[in-house]
Amino acid sequence: MIKAFKICLFAVMLCITGAGLYAQTSITIKDGEKWFGGASNEAHLAPFKDGYSYDMYADTKGNQAAPLLLSTKGRFIWSEEPFKFTVTNNKLVISNTKVAVTIDSAGKNLREAFSNASKRFFPAKGKLPDTLLFSKPQYNTWIELVYNQNQKDILKYAHSIIDNGFPPGVIMIDDNWADYYGRFDFRSDRFINAPAMIDTLHSMGFKVMLWVSPFVSPDTEVARELLAKKLLLMANKVKTGNPEKDAGEPAIITWWNGYSAVLDFTNPDAIKWFKGRLDHMVDTYHLDGFKFDAGDADFYPANAVSFKPATPNEHSRLWGELGLYYPLNEYRAMWKMGGEPLVQRLRDKKHNWEDLQKLIPNLTTAGLLGYQFTCPDMIGGGEYGSFIGRDKLDEQLVVRSAQCSALMPMMQFSVAPWRVLSKQNLAAVKKAVDVRAKYTPYIMQLVKQAAKTGEPITRSMEYEFPNQGLAEVSGQFMLGNKYLVAPMVANGNTKTIYLPKGKWKSDLGKTVKGPAKIEMDVAADRLPVFELIK
């Protein structure tokens, strides 16, 4: 600990300037040292190579991020505010910092770097999200209905889940269920009796989540109300000398659905208003929880005026705090909320093999950033444009995507496999669901452990088996410390698997002694799993 203190003190001394910004810090990368962290959506580029650069300010890469870097030599870098880092000439250069940077070298490997950082800066809170999110598959209406969310088709989708032999779980009603953003009632032209719809879903064994965002459609009654109450983020502020008469224009945010005003959650009254509307939805329509979408740091202008001064990243973090009121929650964009009982989902992936190969590194890096309760996006991909036209659909990709998700913390369907797959491929997907059911008791054990200790549920090979040359192996992962999971994430049937030291038993009953590099043909309906037995 003395060594760690000295390095932290050295870093702080380097950062003192009179200009408001802290000085650049350059860290020599040790022989064989590899670095991870920053943003989960960049994890397929890690360990970071020479020339890589990422500025975290106002940019979480559309997914989970944290001001944290970790190395295979046990070092970690943390700052309470976003910073920029660049890998160049065997150095890690930290710049654009506004507060002191902590550099800790007390650990010996990646696991110890994570443990030291998490205990100090984002400790586990001992609380869990709703466990149904882990124990059963999830179902999202997005790919099937896109912006045509309506009562008839939602119920049809739910009945199809049951009729096709899939177990009920959490079902998520996605975007465009209201007349406009900021209005918290189901639109009457598409939902004849929303409470009855949700009651029916409950009777079928589902819990129901609803998509929400921090946006408010401009030129609406709600927007005018919020502007009058000064609950919106402002583009500017006109000071009259009388605070009661101070005025300004709301910031209009450009996002994927157009242009909207946005709530200012640095204002406690805005939090109170928004939570009141969510509670209204729970009480009136019998909802169980919410999918909190958007809230990305890059949607918040750096020059916007808020109730309390805040960086774009801090605005994103405050959006995350709202989910703590609801055990049934989900986020896609997050900043500095590791260790909290918040469910994360990886950024929407396209329906292609390249994006499927990102799931494992993205998910294991989310764990390194403290986001243990993370879902690996929708099976087959969550980018709906990829599903326009059946000629573009790759049935094998959907099957392999289901297998890849099966032993991750969560498993979420959106495109209906019974609609797009042959009978044989549908059976393979259902087999992946059955495999998950077999391992669910162990997954739940890991989930509860993560809530107490903060330790990742899914782990990279380097995390669990340090210094065995596995830092760049990204096509397999560890489920806890017991099971090596090696899904097919490339087109074809041949898989190269790296077994660390130890004695391993495959899902086919074969015993293999590691370390070993093996190549195998993987049947279309198989998910290779190796149990560490010694």
Side-chain angles (χ1 to χ4, degrees), residues 1 3-17 21-61 63-118 120-122 313 335-336 338 361-362 364-370 460 462-463 466-467 469-474:
M1 291 303 296
K3 184 178 181 182
F5 174 77
K6 286 182 178 178
I7 292 179
C8 289
L9 179 61
F10 178 62
V12 172
M13 291 175 67
L14 278 175
C15 290
I16 296 175
T17 72
L21 282 176
Y22 284 65
Q24 179 174 290
T25 302
S26 182
I27 302 163
T28 299
I29 298 174
K30 299 178 181 179
D31 289 343
E33 185 176 31
K34 300 181 186 299
W35 286 87
F36 299 84
S40 62
N41 200 49
E42 293 279 279
H44 56 286
L45 301 175
F48 302 119
K49 307 295 191 298
D50 191 76
Y52 179 83
S53 185
Y54 169 37
D55 190 344
M56 302 178 193
Y57 185 83
D59 185 9
T60 59
K61 299 297 181 182
N63 225 180
Q64 304 83 34
L68 174 67
L69 301 175
L70 309 105
S71 95
T72 56
K73 296 294 185 180
R75 297 198 283 180
F76 76 80
I77 298 168
W78 172 272
S79 176
E80 291 297 334
E81 296 293 344
F83 58 84
K84 179 180 179 180
F85 70 95
T86 302
V87 180
T88 181
N89 297 324
N90 206 39
K91 293 185 181 298
L92 186 60
V93 180
I94 309 297
S95 59
N96 294 9
T97 58
K98 294 186 178 181
V99 297
V101 174
T102 296
I103 306 171
D104 185 294
S105 62
K108 296 179 180 179
N109 51 50
L110 187 61
R111 178 197 288 270
E112 291 183 5
F114 167 80
S115 178
N116 292 336
S118 64
R120 186 171 173 184
F121 294 109
F122 47 96
N313 300 63
W335 172 254
K336 211 173 72 170
N362 288 187
T364 54
T365 293
L368 289 176
L369 299 177
S460 69
E462 179 67 24
Y463 180 97
N467 304 315
L470 302 173
E472 303 206 36
V473 174
S474 61

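Since the structure is predicted, the reported quantities are computational estimates derived from the model, not experimental observations. Start at 1 with the first residue, then count along the sequence.
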- [ ] Let me see the working for Thr364 and Ser460 under side chain to side chain donor-acceptor pair (under 3.5 Å), right down to the final yes or no.
- [x] CA-CA 6 Å; Thr364 54; Ser460 69; 5.3 Å; no

Task: Criterion side chain to side chain contact (heavy atoms under 4.5 Å, CB included) on Phe85 and Tyr52, from CA distance to verdict - done: CA-CA 8 Å; Phe85 70 95; Tyr52 179 83; 3.6 Å; yes

- [ ] For the pair Tyr463 and Phe114, evaluate side chain to side chain contact (heavy atoms under 4.5 Å, CB included) and give the outcome as yes or no after the intermediate values.
- [x] CA-CA 9 Å; Tyr463 180 97; Phe114 167 80; 3.8 Å; yes

Task: Working for side chain to side chain contact (heavy atoms under 4.5 Å, CB included), residues Leu92 and Thr86 - done: CA-CA 6 Å; Leu92 186 60; Thr86 302; over 6 Å; no

- [ ] Give the intermediate values and the outcome of side chain to side chain contact (heavy atoms under 4.5 Å, CB included) for residues Thr25 and Val93.
- [x] CA-CA 6 Å; Thr25 302; Val93 180; over 6 Å; no

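When atom types are taken as modelled, the side chain of Asn109 and the backbone of Gly74 share no donor-acceptor pair closer than 3.5 angstrom. The backbone N or O of Thr28 sits nowhere less than 3.5 Å from a side-chain atom of Lys30 that would complete a donor-acceptor pair. Not a single donor-acceptor pair under 3.5 Å links the side chain of Glu33 to the backbone N or O of Ile29.
Of the inter-residue distances, the one linking Ile27 atom CD1 with Asn90 atom CG reads 12.0 Å to the nearest 0.5 angstrom. In this structure, the separation between OG1 on Thr102 and CZ on Phe121 is 4.0 Å, given to the nearest 0.5 Å. The CD atom of Glu472 sits 10.0 Å away from the OG1 atom of Thr72 when rounded to the nearest 0.5 Å. Taking OG1 from Thr97 and CE from Met56, the interatomic distance works out to 11.5 Å, rounded to the nearest 0.5 Å. How far CG of Leu110 is from CG of Leu368: 5.0 Å, rounded to the nearest 0.5 Å.
Counting only heavy atoms from C-beta outward, the side chains of Asp55 and Asn96 approach each other to under 4.5 Å. Here the side chains of Phe76 and Asn116 are in contact, with some heavy-atom distance below 4.5 Å. You'll find the side chain of Ile77 stays beyond 4.5 Å of the side chain of Leu70, heavy atoms only.
Paired with Asp104 under the rule salt bridge (Lys or Arg N to Asp or Glu O under 4.0 Å), one option of Lys73, Arg75, Arg120 passes, and it is Arg120.
Using a 4.0 Å cut-off between charged side-chain N and carboxylate O, Lys34 and Glu462 make no salt bridge.
In this structure, a donor-acceptor pair under 3.5 Å is present between the side chains of Gln64 and Ser40. Using modelled atom types and a 3.5 Å distance limit, the side chains of Asn63 and Asn362 yield no donor-acceptor pair.
Ring centroids of Trp78 and Phe83 are separated by 6.0 Å or more, keeping the two rings apart. Ring centers of Phe48 and Phe36: at least 6.0 Å apart, outside the cut-off.
Here the shortest heavy-atom pairing between Thr60 and Ala65 reads CB-CB, 3.8 Å. Between Ala100 and Ser79, the closest heavy-atom pair is O-OG, 3.7 Å. The two residues Ser71 and Ala113 make their nearest non-hydrogen contact at O-CB, 4.0 Å. Of all non-hydrogen atoms in Ala39 and Thr365, the two that sit nearest each other are O-CG2, 4.3 Å. Between Gly37 and Leu69, the shortest heavy-atom distance links the atoms C-CD2, 4.0 Å. Between Pro361 and Ala43, the closest heavy-atom pair is O-CB, 3.2 Å.
Residue pairs meeting the salt bridge (Lys or Arg N to Asp or Glu O under 4.0 Å) criterion with at least one partner in residues 78-93, sequence neighbours excluded, are Glu80-Lys336.
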